[in-house]
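Comments concern the structure below.
Naming convention: chains lettered A, B, ... in sequence-line order (proteins, then strands); numbering from 1 in each chain.
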Number of protein chains: 2
Amino acid sequence: MAMPATNGSVAPTEVEAAFDIDVAAIRRSSTADQVAQVLRAKITEGALPPGTPLPEVSLADSLGVSRNTIREALRILAREGLVEHHLHRGAFVAVLDEEDIADIFRVRRIIEASAAEAAVDADPERLRPLREAAEQMVAAAAAGDASGVVAGDIEFHRRLVSLLGSSRLNRFFEGMQGELWLCLAMVARSESESQAMAAKHLELCEALEHGSSPTAARGQILDHLVPCEVELSEIARDLGERRAKLAR
Amino acid sequence: MAMPATNGSVAPTEVEAAFDIDVAAIRRSSTADQVAQVLRAKITEGALPPGTPLPEVSLADSLGVSRNTIREALRILAREGLVEHHLHRGAFVAVLDEEDIADIFRVRRIIEASAAEAAVDADPERLRPLREAAEQMVAAAAAGDASGVVAGDIEFHRRLVSLLGSSRLNRFFEGMQGELWLCLAMVARSESESQAMAAKHLELCEALEHGSSPTAARGQILDHLVPCEVELSEIARDLGERRAKLAR
DNA sequence: GCCTGGTGAAATGATGAACAATCCGAATCG
DNA sequence: CGATTCGGATTGTTCATCATTTCACCAGGC
């Protein structure tokens, strides 16, 4: 289905194989996708806090594109869960309440536990990206780069899920992580907390490498997710209270 | 306010509760969504075989809406995976190859196995929708209603996944089932096969009700999914070969 | 004969303007 | 003081238009 639309009948030649990666990259994204990417960055980096209205005309004006293009971009982000779309009321940066956090972690427990199982009897070579992400977290924490630690955290779990080998699951999981970023952009962690979190991931990585049993791996991932959920849940509650107070 | 007084400001009263379903249905209907729903039905019922091009102008003309609205509807369906969008080439009804089937079942195994675990220690009352879907399959099979059996099958697994209690997972799973429908619309099962499939689901349902252990439930679901995958994989291969021959 | 290269039609990508429908807030009235 | 009504602002939808890209067809050279 997603194969490059090369010839239909002839077997793939070496010429095709050489350009196989590039053909996908050459496909320039449409302007709507570019706009969506810009807005996505603005949202995830915290420039547009949750709940911010996104008027079509002002966005079109400031970004220099047509209103229809903005509408398409907002539809894209709405499908990703980063913006909420209310009929005849417009688009707003999505707000995650505690129920959303709980919902996301219900999914994460299911998916990542299975991924941990897949990790124990996987080729050790396939676990190298995991270790690299964890080491990147440690380096970022040592350099005091808090956002780098968060990025490494996201990347670590993304690569863990990718061990399951399903492109649909990867897309789904990445979309959920995009939602989580709505909260992550708001949290300022201390340096010691960042280092502790990085160390935890490295430790988890080693546990998976010298994998004992599938059930043990499941348990370790589940234990790892618990503190993360309570922290984000608190953040979501605080944001909600602050918003309610501000609205009053 | 002209027609049905869908009040805008008053707090939800018992009056609203009575119309609760209708207001939700009415509010959710922008024309783009309606168009998407029409096309979705056409695709899943097999009127538009996989690979069919979907030109914007002719669709806009035949459905009596603007081209922009068609574009939005096509984007919606593209996000759902029912149509593929190629830049500057347009939209086509999605084509599922064997890799897609394998990918979908990789996900189904993970999700539904967890759902089966959740089923064993769930309130028996929550399993009633499952049984109802299975019984609906049996009734449809007895009446020779093949599409009814398929619908019951979809519904059975949808309700099984909903036991996990995650709205995001529900949406994700429903989207995948929409993709599977692309193949299901093509298969014509014999009456005896339909009856066997219905019986299998009822049997599976009972096994979950008198649930023994979580691992046993996992195993039963996984065993149940195997024949389904091989069947759909064969269908996908046949469709692919037929399409290749037709293109030549 | 097959491949390379140009040409033109057709479809999409994107813009701008316009109108109707709707929501929100503020002024108005009892 | 509360409910109603009115007007501005925003969205939903359509139309017309132009630029880009793709594809199919045809000509020419090896």
* Near A/Glu45 CD, under 6.0 Å, is it more than 12 heavy atoms from other residues, nucleotides or ligands? -> yes
Every protein N/O lying under 3.5 Å from an N/O of nucleotides 5-8 of chain C:
none

* To do: Please report, rounded to the nearest Å, how far the C1' atom of C/dA14 is from the CG atom of A/Leu59.
  => 17 Å
* Other residues, nucleotides, ligands: >12 heavy atoms within 6.0 Å of B/Gln37 CD -> no
* **Sequence neighbours excluded - side-chain hydrogen bond (donor to acceptor under 3.5 Å, both in side chains) pairs with any residue from residues 53-70 of chain A** => A/Glu56-A/Arg67, A/Glu56-A/Arg71
* Asked: When you check the gap from the basic side-chain N to the acidic O, do B/Glu125 and B/Arg128 get nearer than 4.0 Å?
  -> yes
* Should the pair B/Glu99-B/Arg106 be classified as a salt bridge under the 4.0 Å nitrogen-to-oxygen rule? -> yes
* To do: Can you measure from CG (A/Leu164) to CZ (B/Arg109) and round to the nearest 0.5 angstrom?
  => 10.5 Å
* To do: Given side-chain contact (heavy atoms from CB on, under 4.5 Å), test B/Glu155 with B/Met137 step by step and report yes or no.
  => CA-CA 10 Å; B/Glu155 188 65 17; B/Met137 284 183 70; over 6 Å; no
Polar atom pairs (N or O), protein with nucleotides 23-25 of chain D, under 3.5 Å:
from, atom 1, to, atom 2, distance (Å)
D/dC23, OP1, B/Arg89, NE, 2.9

* Structure fact -> Whole-Å distance, A/Asp61 CG to C/dA17 C1', equals 15 Å
* Whole-Å distance separating the CG atom of B/Leu54 from the C1' atom of C/dT12 -> 14 Å
* Flag side-chain contact, heavy atom, 4.5 Å: A/Phe173 against A/Arg108 -> yes
* Can you sort out which residues in residues 71-79 of chain B have a heavy atom within less than 4.0 Å of DNA chain D? Ascending by number, please. => none
* In terms of side-chain geometry, is the basic nitrogen of A/Glu179 or B/Arg168 positioned less than 4.0 Å from the acidic oxygen of its partner? -> yes
* With a 3.5 Å cut-off and no angle check, do the side chains of A/His157 and A/Glu112 form a donor-acceptor pair? -> yes
* Do A/Glu174 and A/Arg171 meet the salt-bridge criterion of a basic N to acidic O distance under 4.0 Å? -> no
* Interatomic distance, B/Leu39 atom CG to B/Leu82 atom CG [nearest 0.5 angstrom] -> 10.0 Å
Under 3.5 Å, which protein N or O atoms sit close to an N or O of nucleotides 20-22 of chain C? Give each pair with its distance.
none

* Interatomic spacing from OG1 in B/Thr44 to NZ in B/Lys42 - rounded to 0.5 Å -> 10.5 Å
* Asked: Between C/dA14 atom C1' and A/Leu63 atom CG, what is the distance in whole Å?
  -> 15 Å
Interface polar pairs with nucleotides 14-18 of chain D, N/O, under 3.5 angstrom:
from, atom 1, to, atom 2, distance (Å)
D/dT14, OP2, B/Ser66, N, 3.4
D/dT14, OP2, B/Thr69, OG1, 2.1
D/dC15, N4, B/Asn68, ND2, 3.2

* Structure fact -> Rounded to the nearest 0.5 angstrom, the CD1-OG1 distance for B/Ile70 and B/Thr31 is 9.5 Å
* Would you call A/Arg237-A/Asp97 a salt bridge at under 4.0 Å N-O? -> no
